[in-house]
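Heads up, the thing below is written out as C-alpha cells.
Just so we're on the same page: letters track the sequence lines, and every chain starts at 1.
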Amino acid sequence: MVLDTGDTAFIIICTAMVMLMTPGVGLFYGGMVRSKNIISMIAMSFIAFAIVSIQWVTIGYSLSFGHDISGFIGGLDYIGLTGVGMEGEGIPDMLFMMFQLVFAGITLAILTSGIAERVKLSSFIVLGLLWTTLVYDPLAHWAWGGGWAGELGALDFAGGTVVHISSGFGALALAIVIGKRSGFGKYSMEAENITTTLLGGSLLWFGWFAFNAGSALAANGLAVNALVVTNISAASGAITWMGASWIKGKPSSLGLISGAVAGLVAITPACGFVGPMSAIIIGGFAGLLCYGALLFRVRKGLDESLDAWAIHGMGGLWGALATGIFASAAIGGVDGLIYGNTHQFLIQLIDASAAILYAFVMTFIIAKIVDKVMGLRVTEEEEYVGLDISQHGESTTA
Amino acid sequence: MVLDTGDTAFIIICTAMVMLMTPGVGLFYGGMVRSKNIISMIAMSFIAFAIVSIQWVTIGYSLSFGHDISGFIGGLDYIGLTGVGMEGEGIPDMLFMMFQLVFAGITLAILTSGIAERVKLSSFIVLGLLWTTLVYDPLAHWAWGGGWAGELGALDFAGGTVVHISSGFGALALAIVIGKRSGFGKYSMEAENITTTLLGGSLLWFGWFAFNAGSALAANGLAVNALVVTNISAASGAITWMGASWIKGKPSSLGLISGAVAGLVAITPACGFVGPMSAIIIGGFAGLLCYGALLFRVRKGLDESLDAWAIHGMGGLWGALATGIFASAAIGGVDGLIYGNTHQFLIQLIDASAAILYAFVMTFIIAKIVDKVMGLRVTEEEEYVGLDISQHGESTTA
Amino acid sequence: MVLDTGDTAFIIICTAMVMLMTPGVGLFYGGMVRSKNIISMIAMSFIAFAIVSIQWVTIGYSLSFGHDISGFIGGLDYIGLTGVGMEGEGIPDMLFMMFQLVFAGITLAILTSGIAERVKLSSFIVLGLLWTTLVYDPLAHWAWGGGWAGELGALDFAGGTVVHISSGFGALALAIVIGKRSGFGKYSMEAENITTTLLGGSLLWFGWFAFNAGSALAANGLAVNALVVTNISAASGAITWMGASWIKGKPSSLGLISGAVAGLVAITPACGFVGPMSAIIIGGFAGLLCYGALLFRVRKGLDESLDAWAIHGMGGLWGALATGIFASAAIGGVDGLIYGNTHQFLIQLIDASAAILYAFVMTFIIAKIVDKVMGLRVTEEEEYVGLDISQHGESTTA
Amino acid sequence: MKTIKAIIRPEKLEDVKAALEEKGYFPMTVTQVKGRGAQKGICLQYRGKQIVVDMIPKTEIEMVVGDDDVRPIIKTIRASARTGKFGDGKIFVSPIELVAAIRNDDEIVSE
Amino acid sequence: MKTIKAIIRPEKLEDVKAALEEKGYFPMTVTQVKGRGAQKGICLQYRGKQIVVDMIPKTEIEMVVGDDDVRPIIKTIRASARTGKFGDGKIFVSPIELVAAIRNDDEIVSE
Amino acid sequence: MKTIKAIIRPEKLEDVKAALEEKGYFPMTVTQVKGRGAQKGICLQYRGKQIVVDMIPKTEIEMVVGDDDVRPIIKTIRASARTGKFGDGKIFVSPIELVAAIRNDDEIVSE
Ligand SMILES: Nc1ncnc2c1ncn2[C@@H]1O[C@H](COP(=O)(O)OP(=O)(O)O)[C@@H](O)[C@H]1O
Ligand SMILES: Nc1ncnc2c1ncn2[C@@H]1O[C@H](COP(=O)(O)OP(=O)(O)O)[C@@H](O)[C@H]1O
Ligand SMILES: Nc1ncnc2c1ncn2[C@@H]1O[C@H](COP(=O)(O)OP(=O)(O)O)[C@@H](O)[C@H]1O
C-alpha cells in the first residue's frame, strides 16, 4: 500500500504529542511530592524517556514486534532497526516504530510513582532498563506484536494492559520492595506544588488524544471515535471523582485531575471499540473505582506514593474489562457483554489477569535483584535532605 | 463527499490544541490572582471543560447544530449524539462535533474572569451549565448552526461573537451581579505568579493557531491564511499594548501578553476574510483599544477582575466590526467597508450588538437567579482565607 | 503541483509547534537566571517573537527568500508578502513563509542568552531588529534562499548554521560586548527555578520534532527519518552529558536537559541525511562536546550566561561537520566522509566557518553600535534590583 | 534601642509603610509569616461542621528604633493597620543592646 | 512577658501545634527558615567523599507568653518535637517589654 | 547569651558562612526577608523621574552565642559582608535568657 500523507502527518504529530506526555507525567508527579524531591521526579521522567529511546531502537522494538517466538516475545530481526523501512501501510514502518517508542517511554515514567522520594538514581536507571526489557517489551508483544493475547482475541486499543496495568501493578510491586517513605503515616506528606500537577495533568489530557486517536494509525473514523470517547471518559471521570470526594469532604483539584486521568486510563483499551454513551459510564465508574482504590491503599498503609496502582493499575483493569462489556461491533467490529458476547469478556479477563500477574511478579523479582545487588533505596540522610540535593546536587525555588 | 485523511488529521490535532487552551486560560488567569486563589482559577477551567464536555455530547451540540428553530436555537435531533456519524464533507461529522466541543469549553473558562477569587464552587457549576446551555448554545446556533445571524450574512470565522463577545460581556454582567472582591480599590491585588500567566499565554497563542486555522475545517489555503493573519495580529497587538503602556510607565510583561491575546481575539472572526497587512492594523488597534478599555474599567472601579470584558469583549467587538471593514473578496469571498461594502459592515454591527445585548442580559439574569437560589458568592471569611482552602481544601507553594 | 492536504496539515501544525518553542526558550532560560530576572527572560522571548513576526512579513522573508542577489541576500520582491500566494508545491507558498517565520523568531530568542540579566529592554528591541535583518536573514538566504552556501552544496536540513551557529556565536559576541554580570565569578548565580527550565526543555524537545521533521516540508519518509534521528540524538546527548557530569560530581537535571538540547542542536542540520545509528553517535558526542565547551567557558571566566554558545554554537558546528561525516546517500541523496566523500565534509567546514565568522563579527559590530548609540546595559542599580522590576515594573513569586 | 515587631495583615503593608514614611520612619525588615491568634484562626462553616483554618498568612515588620520612637510608631501602625476585626495582629517590643552597621564601623550601644 | 522561639523540624509542626493546643496555647507566628546546628548540617557520603548539606529547612515558631507559661511550653514543645536525633532544634527565650494589640488599644507591659 | 541578628546582602551569604566557619562558628538560622534602610531602598532614574524600589531582598542570619563571642562574630560578619555601598545591612544584638535543646534536656540559662 502506498503511504498516505494525511495518515503520516497524523502519526508524526501524535508521536510528538505522546512524547510530551512523559514530561507531563514528571510534572504531574513532581507537583505531588515534597518540594525537596520535585526535580528528582521530573528528571526521572526525562531519564526514563532517554534510556527507553535508546533501548527501543537498539533492541526493544525488536523484542516487541519482531517475529513471534512462542507467543511470548519477538525475535531479534529488527535489532538496531535493521529492516525497519520507510514503506508501510498508510504510514512508514519506521513511523510505527517511533509511535511505539513514545508509548514505551511514558510507561516507565508512570512506574516511578512506586519509588518516589526514596529511590537511588543509579538503581532506577538499571531497574528501568531491566523493566522495559523484561516487562514492557513482552507485554507489548503479547498484545500487539503477534503474541498470545492478540491471537486469543484480547482487545487493547491503545494500551490498557500494556501501558497502564503493567506500570500500575509494577509500581505496586516496587512500593512493596522498596518500603515506605520514612515518616509515612506519621506526618503529612501533602502535595506541595499543585499548580505543577495541574499543568502536568493538562499535558496528559492533551497528549492522550494523540495516544488514543493515534492508535488507529490512520486519520480515519476510528481515530475520531477514539478522540471523542477519550474526552468524554476523561470529563466523566473528573466529575465523578470530584463528586465523590465532595461528599466525603472538599472537592480538591487533585481529585478532579486524578479523576480525569482515571477516565483516560479506563478508556484507553476501549476507545476503538465503544461509543460515546458507553464512555460516560466507563469514565464515570473509573473515577469512583480509582478513588476507592486510593482510599483503600491509604487505609492499608501502603506507600505506593503517587497512586499509579490505584489510577493506572485499577483503571487499566477496569478499562480492559469494560472493553469486554461495552464493545460494539458497529464501532470496532467486536461485540461485548451487553451485546451478549460473554466470550469476549472472558478473554479480556484472562488477558488482564495475565498482565497483572506477569507485571507484578516480574517487577517484584527485578526490584528484589536490583535491591540486593546495588541497593534500591537512598540512605536515611539522603532521603531526609531530599533527592534533589542528594541525587542531583540541585535545588529549586519552585 | 469522501473523507480526506489530511483534513481529518488536521482537525483532530486542532481539536487537541484547542483543548489545551482551556487549561491555558486557567494558567493565564491563575497567575494573575493572589496565590491563595490560584488553584481555584485553574480548577474552574478544568471544571468548565469537564461539564461542558458532558453537556455538549448530551444536549449542547444539538441545541447549537440541530435543525434550525425560528433562527434562534437548534432542535433536539442530535441529543446524545444520535445521528452524528462518521461520514461528512472532508471530515467526519463526529469530528466537527468534537471540534465545536472544545470551543464551547474554553468559552466558559474565559467567563470565570468576572467571578474570580470570590465565587462559590457549587454555584459556579450550576451557573456554568445554565450559561453554556442558555447563552453559548444559542449564540453558536445563530452564527454557525443555521441561525439568523449566519442567514443574515454575518461573518464570524472562528468565534468573535460566539466565543469572545459572549464570554467578555458575560463576565462583565457576572462581575456586576457578584460585586467587587473585598478590598478591591482599597489595597493592591497584583498578579502574583506572572510566570504562570506567561506560560498560560504561550499555550493560548499556540492553541489559537488551531482555533483559527482549524475553523477552515480543512487543511487548505484558507486555513493557511487564518494561520498567518492570526500570528501577525497577535504580534501586532503585543507590540502596541507594550508601546502604549511604555509611554504611560513601564512595559510590563502582562501588557505584552495581554496585547497578544487582544490581537488574537480581534482576528478571530476576521481571519478567514482579511489579508496580512489588514491583520497588522486589526491587531495593532486591538492592543490599543483593549488597553484603553482596561484603563477605563479600572477608572470606573469595576471589578471585572481579569479583564475578559476589556480583552475578549471589546476585542471581540472590534474584531467583528473589523471583519466588516477589512474583509476582502479575494480571501473569503466577501468585501468589507474599505472595498465599499457598507452593507457588510452594518450586518457586522447588528450581529455584534445583538450578541452583546443577549450575552449581557441573559448572563445577568442567570447570575441573579443563581445568586438568589444558592448564593453566588463565598462568605467574607472564605474569601479572606482564599478559595483554594475554602473551596478545595488545598494550598500550593506555587 | 497541487496542494496536498496531508502535507499542508502537517506544516500548519509544525508551525504551531515550533512557535511554542519560543516561549519554550524563554522558560528554559528563565528558570536558569536569578528569580529577579525571570520575567525579563521570558518576556524577551515573547518580544523576540513579536518583532520578528512583523519584520518577517514586511521585509525579512523577502531578504531571505527573494530572488538571489550575488549569492548574499534576497531581493525585495516579497516585501509585505506581495506575490506570496496560496499555491505551491504540496504546501502553499504562504505556509512555507510562515514556517520560516517561526524559525526566525526562535533564533532571536536563543540569542538572549548572551545578554541575560543585564540588557536594557529598549536596546534589546533595536538590537533584535538589526540582528534578525542583518544576521539571520542573510544566513537564511545563504542556506535556503538560493545563496552561495546552498549553491555550493552545503547541507543544512533544519538550521544548524542558520539557527544555531548564528545564535550561538552571536550570543558569544554579545556577551563580550556587554560584559559580565556584576558579581559574576564573585558569588554564585545558580539556576533558581529548575522546574521552569525543565518545563521549557520539554516544550523544546516536543517542538523540535516539528522543527526537524517539518523541514522536510512534507509528511513523507524523509520527515519520519528526521523525527526518528532527532529523538535518538536528543536521548543520546542527554545520557552522555549526564554521564560525564556524573563522573565529575552529581548528575544534575540541568545537565540532563542541556545534553538533550545539545543532541537536538547537533542533529538539526543532519536529520535529513543520516540514519538512526549515526544519530546515536552524533547526539552522544554533542553531549560531551557541549559539556566540555561549557566547562571551558566557565574556566575562561566568560559570562555567556546561559550557554547558547556552548550548546547552540558548538553543537551547531559539530552538527554541520557531522552532516558531512555521517551523511548517507540512501537517506538524503548525499554521502559523507565515512562513505568516502571528503568533498562534502570540506563544504560543510567552509559553510560552518563562514557562518561562524559572519555571525560573530556582524553581531559584534551591531552590538557595539547599539551600545554606543543607546547603551546596551542597564545601570548598576537596575541590575542589582533585577530586570523584572527595573525594566518591566513587575515581580513574581515564581 | 528597641526592636518593634509588628505582625499585620499582608494587605495592609502598603498602608503601614506609607504611614510610617510620612512620619519619617523608613528602615524596616519585612518577613512573610503565618500565624494564629487567640481566636485560633478563621472558622469556616462547612455543611454544619466548623473547619478552622488556623495558619493565616501575615506580614511581620521589624524596626529597630530609638526608645522615644516606640510610642509614635506603635500609634502609626495601629492607625494604619487596624480594621477592628479579629486578625489585625500584634506589636511586640523588646530591647536591643547594640546596633552595628555593616557598611562602616558605626555602632549604637543601648545603655 | 517572654518570647519563645523554637526552631523545629518542619514535619513536626503539626504535632507541636496539636500538643500546644491541647495545653491551651494557641497564639503563635510561624516562619520558614533554614539552619544548621553545631553538627554543621547533614553529612552525605558520596563516592568516599563527604558532602555536607549545611542549610536544612526548619520551621520557626514564635510565641509571646506570660512568664509562667514559659516552662510548660518548653516542655510541651520538647515532648512533641523530639526525635532524639541531631537536628531536632533549639528553643530560645528572650524578654518582651510590651505587647500591643492592633485591633484595639489593649496593651500588656512587662514589669 | 546574646542573639545576633545580621541582615546582609543575599549574595554575600556564602562568604559570610565561610568566614564564620573558619572562625569556628557554625550554628545559625537563616531567613529570607525584604527590607529598606535609611536610604529608603534603591533609586532608579526613569525618564527624569525617580522610582524608588524600597523593598530589597535581604538575608537575615540569626545566631545565639555566648557573650564573649559577640565581638568576634560582628567583626567577621563585617569583614565578609561589607561592600562599602548602601545596602550592606545591619547587625542587631539583643539578650537571650535561656537556650534549651530539643533533642535532649540540655539548657543554658543566661545570668
Ligand atoms: N502571643 C503571640 N505570640 C506570637 N504571635 C502572635 C501572638 N498573638 C498573635 N500573634 C500573631 O499575630 C497574628 C494576629 O493575631 P490576632 O489579631 O490576635 O489574631 P487572630 O484574630 O487571627 O486570632 C497571629 O496570626 C499571629 O501571627
Ligand atoms: N546557636 C544557634 N543560633 C541560631 N540558630 C541555631 C543555633 N543552634 C541551632 N540553631 C537552629 O536550630 C536548628 C537545629 O539545630 P540542631 O538540632 O543543633 O541542629 P543540627 O543537628 O542540624 O546541627 C539549626 O538548623 C538552626 O536553624
Ligand atoms: N532600623 C532598622 N530596623 C530594621 N531593619 C533595618 C534597620 N536598618 C536597616 N535594616 C535592614 O537592613 C537592610 C540594609 O540596611 P541599610 O544598609 O541601611 O540599607 P539601605 O542602604 O538599603 O537603605 C535593610 O534593607 C533592612 O532590612
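- Ranked by non-hydrogen atom pairs under 4.5 Å with chain E, the options F:Lys17, F:Glu62, F:Glu21 are led by F:Lys17.
- Interface remark: of the candidates E:Ile77, E:Ile56, E:Asp54, E:Asp54 forms the most heavy-atom pairs closer than 4.5 Å to chain F.
- Side-chain contact between E:Glu60 and E:Ile7: present, with at least one pair of heavy atoms (C-beta onward) separated by less than 4.5 Å.
- Here the closest heavy-atom approach between residue E:Lys90 and residue F:Ala101 is recorded as CD-CA, 4.3 Å.
- At least one side-chain heavy atom of E:Leu13 sits under 4.5 Å from a side-chain heavy atom of E:Ile61.
- Residues F:Phe26 and E:Arg36 share a closest heavy-atom pair of O-NE, 2.8 Å.
- Between E:Lys75 and E:Lys23, every side-chain heavy-atom pair lies at or beyond the 4.5 Å cut-off.
- Comparing E:Ala79, E:Gly35, E:Gly87, E:Gly37 by how many heavy-atom pairs each has under 4.5 Å with chain F, the most go to E:Gly37.
- Proximity to chain E (any heavy atom under 4.5 Å) is shown, for F:Val30, by both the backbone and the side chain.
- In this structure, the portions of F:Asp105 lying under 4.5 Å from any heavy atom of chain E include both its backbone and its side chain.
- Interface remark: of the candidates F:Asp106, F:Thr3, F:Thr29, F:Thr29 forms the most heavy-atom pairs closer than 4.5 Å to chain E.
- Of the atoms belonging to E:Lys5, it is side-chain heavy atoms, and not backbone ones, that fall under 4.5 Å from chain F.
- To the nearest 0.5 Å, the span separating NZ on E:Lys34 from OG1 on F:Thr31 amounts to 11.5 Å.
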